[in-house]
Amino acid sequence: MIRTYRKIATIQAEQFDGTQKMIKKYGIEDSAESGYNDSDWEDEGLCIPTKEGYLRINNGDWIATGVNGEHWPIADDIFKKTYVEVKEK
């Protein structure tokens, strides 16, 4: 039987702006320097290290930080469809 589930963990996230400060903070590298090779990429870009390996990140994407401190990129449109900000009381 198929059941419906929702995530119960909260994450922290900030929108990637391409600044050197954020590149350094998250260990983001140029794809050519990271050794990441994806034949679907038409041009070089930036990659963020994740638990699963390097993933492409673009300006405007969100960098999520999970409950164990792990990071992963989320495209802006997907982020806005999936997450809402938790207002502190």
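Keep in mind that the numbers below use all heavy atoms, side chains included, and drop hydrogens, waters and symmetry copies. For this chain, numbers begin at 1 and follow the sequence in order.
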Taking all heavy atoms of P49 and all of G27, pick out the closest pair and write down the distance. CD-O, 3.3 Å

For D76, all residues meeting salt bridge (charged side-chain N to carboxylate O under 4.0 Å, His left out), sequence neighbours excluded: K80

Can I get a per-line list of side-chain donor-acceptor pairs under 3.5 Å for residues 6-14, giving both atom names and the distance, sequence neighbours left out?
{"from": "E14", "atom 1": "OE2", "to": "K25", "atom 2": "NZ", "distance (Å)": "2.8"}
{"from": "E14", "atom 1": "OE2", "to": "Y26", "atom 2": "OH", "distance (Å)": "2.4"}

E29 side chain vs C47 backbone, donor-acceptor pair below 3.5 Å: no

With rounding to the nearest 0.5 Å, note down the distance linking CZ in F16 to CD1 in I23. 4.5 Å

Can you sort out the partners of N58 under side-chain contact (heavy atoms from CB on, under 4.5 Å), two or more places apart, ordered by chain and number? R56, D61

Search all heavy atoms of M22 against all heavy atoms of I28 and return the closest pair with its distance. O-CD1, 4.2 Å

Return the set of residues passing side-chain contact (heavy atoms from CB on, under 4.5 Å) with T50 (not counting sequence neighbours), or none when no residue passes. I48, E52, L55, W72, P73

The ring-ring contact (aromatic ring centres under 6.0 Å, His included) partners of F79 (sequence neighbours excluded) come to W62, Y83

If you define the side chain from C-beta out and look only at heavy atoms, does anything of I63 sit under 4.5 Å from I57? yes

When rounded to the nearest 0.5 Å, the distance separating CG of N68 from NZ of K51 is 6.0 Å

Give me the other members of the hydrophobic cluster that V84 sits in, counting Ile, Leu, Val, Met, Phe, Trp and Tyr linked by side-chain heavy atoms under 4.5 Å, directly or via other members. none

